[in-house]
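Heads up, the thing below is written out as structure tokens.
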Amino acid sequence: LNVDRAIVHGHCHQKAFTVMDEVKTALLLVPDLEVEIIDSGCCGMAGAFGYEAGNYDISMTMGEIGLFPAVRGASSDTLIVASGTSCRHQIRDGAGREAVPTITAIRRHFDTVRDEVMSEVSDANAEDATRRLVNRLLHQPSRVLDELARSGASAEAERQLRRLFGLAGDDERENGP
């Protein structure tokens, strides 16, 4: 991932279930990435609402209330993140920028780390490459989790991230969902 800033539009269901802090936390696993949640409501699509011709003007007006101006105001090297499929369509149509889902942004970081590691080791040394890759991918989540604990972030978010990256203790694994 060759960007240092991401702005994130939350899908309505993410906002309704108050998980935008967790989305931001997941993106902060990418080293040196500044993450900003866009202060916006619904993108205007509201599921299939915005796809109906009679709702187009209302849909675009809703997008202009925070979302489109934030996306247009972002530099060209800022990553636009939106998990909702219809949100990504609305951003492209209303602000002229492509957005990616959260997991795609994280995957791009992992791909970058993999490519860096593979360029450092010889093809004959797969064991060394695997060790280096795992070390780099686990080092950053550990640092982020430590910062989360110090900042007083949601204990549940920290627990879920520890489980996600295999860093949970036995008691956390046994009591997890």
Side-chain angles (χ1 to χ4, degrees), residues 1-113 137 140-141 143-165 177:
L1 191 62
N2 296 319
V3 298
D4 57 6
R5 182 166 186 264
I7 60 173
V8 183
H9 170 71
H11 192 282
C12 289
H13 77 270
Q14 291 174 311
K15 294 172 187 172
F17 286 102
T18 63
V19 297
M20 291 309 299
D21 286 341
E22 288 78 3
V23 171
K24 183 176 182 177
T25 297
L27 286 167
L28 288 173
L29 295 171
V30 177
D32 304 317
L33 183 65
E34 174 192 336
V35 179
E36 176 187 341
I37 303 297
I38 299 171
D39 185 16
S40 59
C42 176
C43 70
M45 288 302 283
F49 174 86
Y51 286 113
E52 297 176 26
N55 297 331
Y56 178 80
D57 290 338
I58 295 169
S59 175
M60 287 293 137
T61 299
M62 290 174 68
E64 290 294 347
I65 304 172
L67 176 59
F68 295 165
V71 171
R72 285 191 207 108
S75 67
S76 61
D77 60 345
T78 296
L79 181 66
I80 312 300
V81 178
S83 291
T85 301
S86 55
C87 299
R88 291 192 304 277
H89 285 242
Q90 184 78 327
I91 289 168
R92 182 184 60 232
D93 294 343
R97 293 283 300 270
E98 292 298 322
V100 300
T102 305
I103 195 66
T104 299
I106 295 169
R107 191 211 67 224
R108 286 181 182 173
H109 163 64
F110 287 170
D111 290 348
T112 300
V113 171
L137 292 177
Q140 180 64 27
R143 188 174 63 77
V144 170
L145 291 172
D146 288 343
E147 290 172 12
L148 274 173
R150 283 193 296 278
S151 73
S154 162
E156 178 61 18
E158 180 181 350
R159 187 176 72 76
Q160 292 298 329
L161 283 169
R162 286 188 181 283
R163 290 183 69 239
L164 175 66
F165 287 98

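Values below: every heavy atom of this structure, side chains too, minus hydrogens, waters and symmetry copies.
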Next item on the list: Apply the test side chain to side chain contact (heavy atoms under 4.5 Å, CB included) to residues L79 and R5: give CA-CA distance (whole Å), side-chain angles for both, the deciding distance (0.1 Å), then the verdict.
Entry: CA-CA 6 Å; L79 181 66; R5 182 166 186 264; over 6 Å; no
Ignoring hydrogens, what is the shortest heavy-atom contact between [X] and [Y]? Give both atom names and the distance.
{"X": "S59", "Y": "G44", "value": "OG-O, 2.9 Å"}
{"X": "G47", "Y": "S86", "value": "O-CB, 3.9 Å"}
{"X": "I7", "Y": "A70", "value": "CD1-O, 3.7 Å"}
{"X": "G66", "Y": "I38", "value": "O-CG2, 4.1 Å"}
{"X": "H9", "Y": "Q14", "value": "O-OE1, 4.4 Å"}
{"X": "A99", "Y": "I91", "value": "CB-CD1, 4.1 Å"}

Next item on the list: Answer with yes or no whether the side chains of S83 and H11 bring together a donor and an acceptor at under 3.5 Å.
Entry: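 No, because no side-chain N or O of H11 sits under 3.5 Å from a partner of the opposite role on S83.
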What distance do [X] atom [atom1] and [Y] atom [atom2] have between them, rounded to the nearest 0.5 Å?
{"X": "K24", "Y": "L33", "atom1": "NZ", "atom2": "CG", "value": "10.5 Å"}
{"X": "E34", "Y": "D4", "atom1": "CD", "atom2": "CG", "value": "7.5 Å"}
{"X": "L67", "Y": "R72", "atom1": "CG", "atom2": "CZ", "value": "9.0 Å"}
{"X": "R92", "Y": "R97", "atom1": "CZ", "atom2": "CZ", "value": "13.5 Å"}
{"X": "F68", "Y": "D93", "atom1": "CZ", "atom2": "CG", "value": "8.0 Å"}

Next item on the list: Apply side chain to side chain contact (heavy atoms under 4.5 Å, CB included) to the pair M45 and R88, showing each step before the final yes or no.
Entry: CA-CA 10 Å; M45 288 302 283; R88 291 192 304 277; over 6 Å; no
Report yes or no: does [X] contribute a side-chain atom to a donor-acceptor pair with the main-chain N or O of [Y] at less than 3.5 Å?
{"X": "N55", "Y": "F49", "result": "yes"}
{"X": "T61", "Y": "D57", "result": "yes"}
{"X": "T104", "Y": "V100", "result": "no"}

Next item on the list: Assess whether side chain to side chain contact (heavy atoms under 4.5 Å, CB included) is satisfied between C43 and M62, documenting all intermediate values.
Entry: CA-CA 6 Å; C43 70; M62 290 174 68; over 6 Å; no
Checklist line | L28 side chain near V35 side chain, heavy-atom distance below 4.5 Å | finding: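 A side-chain contact exists here, since the closest heavy-atom pair is under 4.5 Å.
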Check: Tell me, do C42 and K15 make a side-chain contact under 4.5 Å, heavy atoms counted?
Finding: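 SC-SC contact between C42 and K15 ruled out.
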Notebook entry, point to check: Any chance CG of D39 has more than 12 other-residue heavy atoms, nucleotides or ligands included, within less than 6.0 Å?
Noted result: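 Atom CG in D39 is not crowded, with 12 or fewer foreign heavy atoms closer than 6.0 Å.
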Next item on the list: Please say whether more than 12 non-hydrogen atoms of neighbouring residues, nucleotides or ligands are located less than 6.0 Å from OH in Y51.
Entry: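 Yes, because the 6.0 Å sphere around OH of Y51 holds more than 12 heavy atoms from other groups.
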Next item on the list: Any chance you could lay out the side chain to side chain contact (heavy atoms under 4.5 Å, CB included) test for L27 and V8, step after step, and finish with the verdict?
Entry: CA-CA 10 Å; L27 286 167; V8 183; 3.5 Å; yes
